[in-house]
Amino acid sequence: MAKSFELDTLKMRLNDANWQQLDLHQRIQRALRALILDGALGPGVKLPATRSLAQSLGLARDTVENAYVQLHRDGFIVRREGSGSYVSEAIGAELKGGARRRARQQEHRRGAPPPGSGLSRRGRLIFESGGVADQQAVKAFATGLPETRTFPTDVWERLQRQVLKSCRSNVLLHGDPQGAEPLRKAIADYLNLERGAKVSAEQILVLSSTRQALFLCAQLLVDAGKAIMMENPGYFGARKAFESAEARIVPIDVDEQGIRVDLLRADRSGANAVYLTPSHQYPTGATLSLERRLELIGWAAETGKWIIEDDYDSEFHYDGLPTACVQGLDARQRTIYLGTFSKTLYPGLRMGYMAVPHELVSAFTFARSIMDGHTPPILQLTLARFMEDGHYNAHIRAMRKLYAGRREAMLAAIDRHLAGIVVPLRPQGGLQIPCLLQAGWSEAETIRQAAAAGVQLPGLSRLYAGEEKRQGWLLGYASLAAHEIEAAMSRLAQALRAP
Ligand SMILES: Cc1ncc(COP(=O)(O)O)c(C=O)c1O
């Protein structure tokens with residue numbers, strides 16, 4: 001066990017990619033907690049005073065104080081009047097020493113389940129992934145949040161009342177694990193009309209989210225230790241879902257036309273499927289060219305492999321029409337299509353869906369029934385009405401217009417305030433803008449400086465596999481009004497340019 005607190009070790013922990021979306025005091029709290037749990041801060045070790053730690057980290061004292069308060073509340077530290085804050089002895093006793101921890105880590109590196117943890121190897125992988133941290137409040141410039149403040153809750157409320165009145169206690173019972181029929185039909189109609197898909201209601205599964213769909217894909221399509229291909233850079237939620245199923249991820253590079261299908265063809269890893277975001281590549285924003293779409297479909301048909309198409313935000317396309325989805329072009333039915341209402345409506349709704357080839361419907365439905373049964377019937381039927389009555393399309397149209405204006409406000413603000421620091425990649429759609437840092441600017445450092453000024457800069461490099469990582473940010477703008485964008489951008493520029 002370390003005898004004293006080490007500032008550099010804490011700083012390294014603070015850069016944990018999983019915590020970048022958290023508020024600063026939460027990141028400090030998590031970092032200290034992780035050091036205590038790892039045994040890097042042993043029982044009885046004295047922590048620096050809040051004032052001096054705040055000074056060393058260039059933060060407000062309150063930020064550190066909030067972190068200490070939470071650690072104290074959770075029993076990780078004790079605070080002695082006039083003396084300071086110490087790692088709790090009780091926690092130390094529970095952890096039973098660093099030697100055992102190191103043994104556990106060594107075991108784990110060899111791939112064995114850590115003895116004494118009570119977790120399976122898979123459980124340990126999930127634990128170590130740190131999960132996916134969702135942004136729980138509107139904050140500049142959190143990635144991928146839609147505007148929720150203008151959501152037509154009055155309409156929603158009225159439709160929900162209608163559902164309760166007409167269906168009575170039937171909607172209080174269990175529902176179909178595949179999803180309520182009216183909603184599956186509304187989704188199929190929407191996909192066929194708006195996204196160029198070719199699906200029937202029988203192929204739709206209503207789920208809690210894209211993330212649940214990814215978890216199901218990982219469970220059903222990849223054996224432990226086997227490969228799955230995914231875009232590089234790519235969506236961390238997909239990576240974590242596959243890794244937690246003990247899949248080996250084979251990164252496939254992306255260029256300005258989307259995923260490199262030639263590399264996919266050349267792959268010899270034995271992967272059974274590829275995950276991609278063809279309409280609006282996450283995070284680069286590239287659209288997969290038609291030529292590559294056809295090549296991709298041809299590859300899947302020839303090899304019998306699966307295409308997992310994540311169409312997470314294609315509704316928000318601002319320059320011309322969005323390209324139709326891959327699923328609709330795929331006559332051989334090798335595509336599993338994933339969609340979500342997190343962007344088009346609001347993320348707290350927790351509703352998403354997948355459209356699967358007929359041969360997969362039962363397996364996915366059974367897996368879903370094991371996982372969590374079904375999505376609440378009241379929500380599903382309310383959403384079905386919302387879609388049938390035209391509110392869904394109207395809301396998307398209104399938001400598309402709003403976000404297109406906000407994209408311009410954001411690009412103008414970047415131009416005004418951050419010239420010489422980043423180069424934005426003008427996105428054709430979506431809710432965020434990738435920005436590449438210019439030479440001489442460090443991603444980790446800018447993220448830290450911005451956080452101290454209350455601005456969140458989601459880093460780009462964490463989305464890359466391997467050694468070659470682009471340094472930059474993925475800035476969300478859709479949830480912020482133009483004046484909020486301007487105010488945050490000006491604060492950010494001041495923080496970054498401060499001597
Ligand atoms: C590429 C991508 N896919 C899926 C999702 C998640 O959608 P859901 O909220 O339905 O899990 C996100 C969310 O940010 C995303 O960026």
Side-chain angles (χ1 to χ4, degrees), residues 17-18 20-21 129 131-136 138-139 141-148 151 179 183 187 191 195 204-218 230-242 244 249 251 254 258-259 274-288 307-317 322 325-326 336-355 368 371-372 375 379-380 383 403 427 429-434 456 458-460 462-465 473-479:
N18 291 318
Q20 280 180 11
Q21 306 211 349
S129 79
V132 174
D134 284 314
Q135 179 63 30
Q136 293 172 22
V138 176
K139 182 161 186 186
F141 292 105
T143 303
L145 283 184
E147 176 58 85
T148 50
F151 183 76
L183 181 56
I187 292 172
L191 291 179
R195 298 297 303 121
I204 305 287
L205 269 96
V206 179
L207 302 171
S208 70
S209 57
T210 299
R211 254 175 276 164
Q212 186 174 42
L214 288 165
F215 207 83
L216 290 171
C217 287
M230 77 172 272
E231 296 165 326
N232 180 39
Y235 175 46
F236 54 88
R239 179 162 42 80
K240 289 189 177 195
F242 298 134
S244 70
I249 295 192
V254 162
I259 196 166
V274 59
Y275 163 85
L276 74 165
T277 46
S279 299
H280 185 228
Q281 205 275 328
Y282 186 98
T284 64
T287 303
L288 192 67
I307 299 167
I308 303 172
E309 176 179 26
D310 181 357
D311 205 26
Y312 64 110
D313 72 358
S314 57
E315 286 82 1
F316 302 116
H317 195 90
C325 65
V326 170
I336 297 166
Y337 177 96
L338 317 184
T340 181
F341 293 104
S342 289
K343 317 285 177 190
T344 50
L345 294 178
Y346 59 97
L349 181 62
R350 291 292 83 202
M351 275 220 252
Y353 49 91
M354 62 197 304
R368 199 280 159 90
M371 198 182 242
D372 69 339
T375 302
L379 276 185
Q380 291 191 66
L383 178 52
Y403 301 161
L431 313 180
Q432 58 250 347
I433 298 184
Q456 191 173 304
L460 262 190
R462 70 195 169 123
L463 304 174
Y464 285 80
W473 318 317
L474 186 61
L475 303 185
Y477 59 85
S479 60

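In each ligand, atom 1 is the first atom listed, and ligand 1 is the first ligand listed.
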Pull out every atom of ligand 1 sitting under 4.0 Å from any heavy atom of [X], numbered as shown with elements.
| X | value |
| --- | --- |
| Ser209 | 8 (P), 10 (O), 11 (O) |
| Ser342 | 8 (P), 9 (O), 10 (O) |
| Asp310 | 1 (C), 2 (C), 3 (N), 4 (C) |
| Thr340 | 7 (O), 8 (P), 10 (O) |

So, is [X] polar-close to ligand 1, with some N/O to N/O distance under 3.5 Å?
| X | result |
| --- | --- |
| Thr210 | yes |
| Tyr275 | no |
| Arg350 | yes |

* Let me know which of Ile308, Leu216, Asp311 forms a side chain to side chain contact (heavy atoms under 4.5 Å, CB included) with Leu338. => Ile308
* Check Gln432 against ligand 1 and report side chain, backbone, both or neither, counting heavy atoms closer than 4.0 Å. => neither
* Asked: Heavy-atom contacts under 4.0 Å between Lys343 and ligand 1: side chain, backbone, both, or neither?
  ->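 For Lys343, only side-chain atoms sit under 4.0 Å from ligand 1.
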* Any side-chain heavy-atom pair from Leu475 and Pro458 closer than 4.5 angstrom? -> yes
* **Positive for side chain to side chain donor-acceptor pair (under 3.5 Å) with Ser314, one of His280, Arg195, Lys343** =>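 Going through His280, Arg195, Lys343 one by one, the side chain to side chain donor-acceptor pair (under 3.5 Å) with Ser314 is satisfied by Arg195 alone.
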